[in-house]
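What follows is a short report on a single structure.
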Amino acid sequence: MIPTITKKYQTVVISTGNIITTELGQRKSNEELYDGLKITLHSDPNAERVVVEKEIDQLHGRVQRATQELTTRLTENGRNEISIGAKIFLNRHSTECVNQAVEALLSILSVTHVDNVVLAYHPNAVANATPVATTKSPCSEGSTVSRAANWSQRNGKEGVAELKELYQTLEQYALKQQITQLGIADLDAAALEELHKSAQVAPTIAQVNLSTCCVVPAELQEFCTAHDIQLNTHSDPELLLPAEQFDGLAPGYTIDWSLRYQVHVRCRGVLTAKGYIVGASRSSD
């Protein structure tokens with residue numbers, strides 16, 4: 001479990017490597033993250049391959065899995081032939097965490113820029129840590145689920161102000177051409193419009209979670225159409241990994257931020273690499 005680094009570092013970065021090479025497959029994002037971290041952090045003495053693939057970067061406080069395999073996937077096609085997209089999951093207001101996430105992404109993938117980054121900010125997600133069950137349609141719950149999913153109502157003016165600051169941090173990378181497109185997840189039309197008004201680099205991607213909303217609200221569709229924003233759907237939970245689950249993998253540490261990246265070959269649309277990177281810290285005692 002994070003050997004040697006636990007004694008030396010206040011903060012660590014954990015990279016699962018390319019999970020496509022494991023048996024994880026196309027699963028729910030929270031399951032992929034948990035199992036990816038488990039493979040990366042826990043060495044099975046009877047599984048030598050896992051041990052060999054784990055790398056400890058003492059200089060930067062990182063635990064990384066299968067870095068050479070990931071490098072191969074990223075370089076077997078020219079940079080202009082692949083598209084790299086990422087989604088940052090953040091549950092507390094911290095511009096430092098946004099910076100750490102983007103810097104780790106660029107560094108671990110060894111690229112000068114990525115094609116798009118989507119920010120998912122849910123400061124009040126703790127109470128909804130368990131993902132919505134997929135076996136029961138939220139439409140059957142009536143309008144209650146839709147109201148609960150209203151980002152503006154749940155997070156208020158303070159949440160919008162915090163979101164703007166976090167987004168401004170991402171904008172700096174876009175202005176430096178280290179991120180080509182910026183996106184935002186799970187906002188209602190009112191919050192998206194508020195963010196759009198103050199943005200230097202307007203979001204061109206908006207994601208909506210269809211596990212909490214069967215039909216994309218008309219006002220959100222209209223706003224995205226009017227402002228050339230690509231509207232996509234997803235099924236990620238607001239909280240990817242509850243604190244107690246992560247503590248079981250890395251005792252004493254808590255997740256500060258997490259991100260998922262995906263690498264596609266442009267001409268074929270083939271997913272060639274996919275993985276998660278997590279930033280975590282421990283208490284100073």
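Just so it is clear, the values below take in all heavy atoms, side chains as well, and ignore hydrogens, waters and symmetry mates.
Under the 6.0 Å distance and 45° angle rule, K176 counts as a cation-pi partner of Y173.
The pair D186-R154 does not meet the salt-bridge criterion, since no charged nitrogen lies less than 4.0 angstrom from a carboxylate oxygen. A salt bridge between K274 and E32 is present, with a side-chain N of the basic residue lying under 4.0 Å from a carboxylate O of the acidic one.
With no hydrogens or angles considered, no side-chain donor-acceptor pair links T95 and E165 at under 3.5 Å. Side-chain atoms of R62 and S107 include a donor-acceptor pair closer than 3.5 Å. With 3.5 Å as the limit, one finds no donor-acceptor pair spanning the side chains of Q10 and S281.
Under the salt bridge (Lys or Arg N to Asp or Glu O under 4.0 Å) criterion, no residue pair touches residues 95-110, with sequence neighbours excluded. Listed by first and then second residue, the side chain to side chain donor-acceptor pair (under 3.5 Å) pairs involving residues 221-231 are Q230-N232 (not counting sequence neighbours).
Shown here for H196 and A202, the closest heavy-atom pair between the two residues is NE2-CB, 3.7 Å. For the pair N209 and D236, the tightest heavy-atom approach, listed with the atom from each and the gap, is ND2-O, 2.8 Å. Shortest non-hydrogen contact noted between W151 and G159 is CH2-O, 3.3 Å. When all heavy atoms of L41 and A250 are compared, the closest pair comes out as CD1-CB, 4.3 Å.
Under the side chain to side chain contact (heavy atoms under 4.5 Å, CB included) test applied with V278, the options L33, V13, T16, V12 reduce to a single match, L33.
Evaluation of the side chain to side chain donor-acceptor pair (under 3.5 Å) rule for T71 yields no partner, not counting sequence neighbours.
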